[in-house]
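Worksheet for the structure shown next.
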Amino acid sequence: MEGEFPLWLRLAHYLNFLFLTLLVRSGLEILSAHPKLYWNDDARPGSEWLKLSRKTMPPGAEWTSTDEATRFPAWLALPGGGHLGLGRHWHFMIVAGWVLTGLIYVVMLLVSHQWTRLIPTSWEVLPRAWEAALSYLRLGIPPDGHPYNALQQLTYAGVVFLLAPWLILTGLAMSPALQGRFGFTDRVFGGHQRARSLHFLGLVAFVAFTVVHVGMVVAHGFVREMGAIALGAAGHADTVPAVAAGFAVVLAVNVLATSGSLGRPAETKRLLEIGIDGARRWLFHRWVSRQHHNHRSPYFRVNGRPPHDATWRRLAEGHFAAWRLEVTGQVEHPMGLSLAELEALPRSVQTTRHVCIQGWTAYAQWGGVALSEILDRCRPLPTARYVVFHTYDDKWEYPGSGYYYEVIDLDMARRPQTILAFEMNGGPLPVPHGAPLRLRLEGQLGYKMAKWLRGIELVEDFRHLGRGQGGWRDDVLDYYPGDAGL
Ligand SMILES: Nc1nc2c(c(=O)[nH]1)N[C@H]1C(S)=C(S)[C@@H](COP(=O)(O)O)O[C@H]1N2
Ligand SMILES: [Mo]
């Protein structure tokens with residue numbers, strides 16, 4: 001191969017490989033939370049085009065979406081074993097590094113003469129790529145180009161300028177915050193599940209490319225080509241030890257990432273949040289949902305089983321006539337609102353797409369009262385910053401984990417599609433979906449939308465609640481590994 005690869009290019013190439021191993025593995029961990037891919041946003045059970053688990057859900061029997069989750073082994077997924085939360089933390093931290101490396105690489109490519117290696121400047125490239133393909137098919141090696149042959153050039157340009165942006169766009173399209181505000185996921189990709197399927201196919205393409213790419217390097221002459229891309233000189237004498245050391249580092253980083261995550265989940269989570277939590281908030285928190293779909297899913301999954309709490313059961317037996325929504329904390333007027341009183345308030349109705357962090361989606365129409373209506377009546381004190389949602393959900397399947405709760409800030413609380421819903425698809429809210437009252441927080445992931453509400457409390461800080469993470473599912477990540485965090 002002619003021409004030297006400058007140091008920045010060799011570093012970017014190496015980091016890209018390291019990051020891709022971590023992205024693929026953490027991506028698989030995320031997929032394991034709902035190992036099914038669809039082309040439709042009803043995500044109707046049975047309509048998946050790919051299913052990566054052998055589990056079948058008993059027909060008619062009571063099962064929840066958490067039962068559908070699977071676990072991938074730790075050598076394959078990061079960290080492995082069904083840790084969706086940690087998988088996501090890894091994915092988002094590494095994607096930041098990957099995108100940054102990619103941006104630096106593309107800028108350097110354009111300001112140096114190096115871009116001419118990748119970007120074809122004449123249509124001649126097409127017939128020549130065809131010739132190269134034919135000679136590979138005859139198990140031959142086409143003559144070197146400058147430095148790549150036309151097929152290599154087209155493939156590399158495709159990976160850098162099509163496949164990488166493809167993964168970034170389909171990844172962004174899965175953000176419920178962006179979906180709630182902009183319609184591009186539906187307009188460009190045709191929905192959340194299509195974006196999710198296409199994101200996965202992007203991963204498959206990247207893995208396939210890497211396998212073929214490495215195979216080709218071996219076929220073209222391992223020492224010659226690896227010397228060029230690793231050490232900047234084709235056939236460099238230190239190629240084999242240098243490449244071995246490079247692979248050893250990638251392996252070590254992967255092993256450390258997995259063992260660190262599994263051994264010290266709480267510390268790992270906090271480490272991976274540095275910088276990323278703020279960036280995520282800045283990128284996604286600001287968008288106000290304004291969804292108006294006109295579709296209801298024939299089947300809407302359930303996540304979280306109805307409470308065993310004795311008070312809630314008694315209230316349910318009495319058809320919630322004695323139930324009250326307690327409004328407490330830093331407010332001028334604490335209140336206790338019955339269902340009839342809530343129904344007498346101005347009604348909000350919205351038909352939206354629910355996005356569970358596990359990966360499934362479903363549409364429904366929700367009716368209830370905007371949280372802002374309640375806030376206008378209870379009048380938060382100036383010190384109040386957050387709204388806590390207390391529930392009757394004792395989480396009996398996870399003993400000692402405390403009651404389910406969630407926290408949102410006042411800005412989110414006042415958004416028009418933040419409602420307390422007592423109706424689903426025109427009827428009373430069914431028990432599995434949170435009767436008598438649940439939160440609907442459109443534009444956010446499903447786990448924030450607390451079901452079986454007991455009361456709301458206005459607070460200045462939430463660190464004294466539960467384990468201080470601002471929600472039951474965030475709390476349990478620290479000490480209940482696996483599916484509780486789903
Ligand atoms: N009290 C309570 N609320 C909850 C949950 C739960 O387990 N308990 N699960 C959350 C999750 S993860 C999701 S995806 C949605 C699911 O709502 P659905 O059961 O109506 O589909 O409820 C959220 N609210
Ligand atoms: Mo969820």
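Each ligand, and each atom within it, is numbered from 1 in the order the structure gives.
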State the atoms of ligand 1, each with its element, that fall below the 4.0 Å cut-off from a heavy-atom position in [X].
| X | value |
| --- | --- |
| Ala450 | 3 (N), 24 (N) |
| Cys356 | 14 (S) |
| Gly304 | 7 (O) |
| Asp393 | 1 (N), 2 (C), 6 (C), 7 (O), 8 (N) |
| Gly446 | 10 (C), 11 (C), 13 (C), 14 (S), 15 (C), 22 (O), 23 (C) |
| Trp360 | 14 (S), 21 (O) |
| Phe300 | 21 (O) |
| Trp452 | 1 (N), 2 (C), 8 (N) |

Would you call the rings of Trp312 and Phe320 parallel, tilted or perpendicular, taking 30° and 60° as the class edges?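 Plane angle between 30° and 60°, so tilted.
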With no hydrogens and no angle check, just 3.5 Å: does a side-chain donor-acceptor pair link Asn303 and Thr66?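 Indeed, the side chains of Asn303 and Thr66 share at least one donor-acceptor pair under 3.5 Å.
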Regarding Asp186 and His293, do their side chains bring together a donor and an acceptor under 3.5 Å, going by distance alone?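 No - no donor-acceptor pair under 3.5 Å links their side chains.
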Please step through side-chain contact (heavy atoms from CB on, under 4.5 Å) for the pair Thr64 and Arg301, ending with a clear verdict. CA-CA 7 Å; Thr64 72; Arg301 278 179 170 75; over 6 Å; no
Counting heavy atoms only, which of Arg305, His390, Lys395, Arg438 comes nearest to atom 22 (O) of ligand 1?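 It is Arg438 whose heavy atom sits nearest to atom 22 (O) of ligand 1.
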Judged on heavy-atom distance to atom 19 (O) of ligand 1, which of Lys448, Arg454, Lys451, His433 sits nearest?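 Shortest heavy-atom distance from atom 19 (O) of ligand 1: Lys451.
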Applying a 4.0 Å heavy-atom criterion (strictly less than), which segment of Tyr447 is in contact with ligand 1: side chain, backbone, both, or neither?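 Both of them.
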Less than 4.0 Å is my threshold; does some heavy atom of Arg473 fall inside it relative to ligand 1?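 Under 4.0 Å: yes for Arg473.
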Can you find a non-hydrogen atom of Met424 under 4.0 Å from ligand 1?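 Not so, Met424 does not reach ligand 1.
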Please check this pair: side chain of Gln417 against backbone of Gln291, looking for a donor-acceptor N/O pair closer than 3.5 Å.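 Yes, the answer is positive, given that a donor and an acceptor are paired below the 3.5 Å cut-off.
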Report yes or no: does Glu341 contribute a side-chain atom to a donor-acceptor pair with the main-chain N or O of Ser338 at less than 3.5 Å?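 Answer holds: yes.
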Side-chain donor/acceptor pairs under 3.5 Å, residues 328-335, sequence neighbours excluded:
{"from": "Gln330", "atom 1": "OE1", "to": "Thr383", "atom 2": "OG1", "distance (Å)": "2.8"}
{"from": "Gln330", "atom 1": "OE1", "to": "Ala384", "atom 2": "N", "distance (Å)": "3.3"}
{"from": "Glu332", "atom 1": "OE1", "to": "Arg379", "atom 2": "NE", "distance (Å)": "3.0"}

Of Tyr403, Trp452, Tyr392, the residue whose pairing with Asp309 passes side chain to side chain donor-acceptor pair (under 3.5 Å):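 Answer to the side chain to side chain donor-acceptor pair (under 3.5 Å) test with Asp309 among Tyr403, Trp452, Tyr392: Tyr403.
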For Val302, is at least one N or O under 3.5 Å away from an N or O on ligand 1?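 No, Val302 has no N/O under 3.5 Å of an N/O on ligand 1.
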So, is Arg301 polar-close to ligand 1, with some N/O to N/O distance under 3.5 Å?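 In this structure, Arg301 places an N or O atom under 3.5 Å from an N or O of ligand 1.
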Give, for atom NZ of Lys51 and atom NZ of Lys36, the distance between the pair rounded to the nearest 0.5 Å.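 Reported to 0.5 Å precision, the distance equals 5.5 Å.
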Report all side-chain donor-acceptor pairs from residues 199-212 shorter than 3.5 Å, counting only partners two or more places apart or in another chain.
{"from": "His199", "atom 1": "ND1", "to": "Leu167", "atom 2": "O", "distance (Å)": "3.2"}
{"from": "His199", "atom 1": "ND1", "to": "Thr170", "atom 2": "OG1", "distance (Å)": "2.9"}
{"from": "His199", "atom 1": "ND1", "to": "Gly171", "atom 2": "N", "distance (Å)": "3.4"}
{"from": "Thr210", "atom 1": "OG1", "to": "Phe206", "atom 2": "O", "distance (Å)": "2.7"}

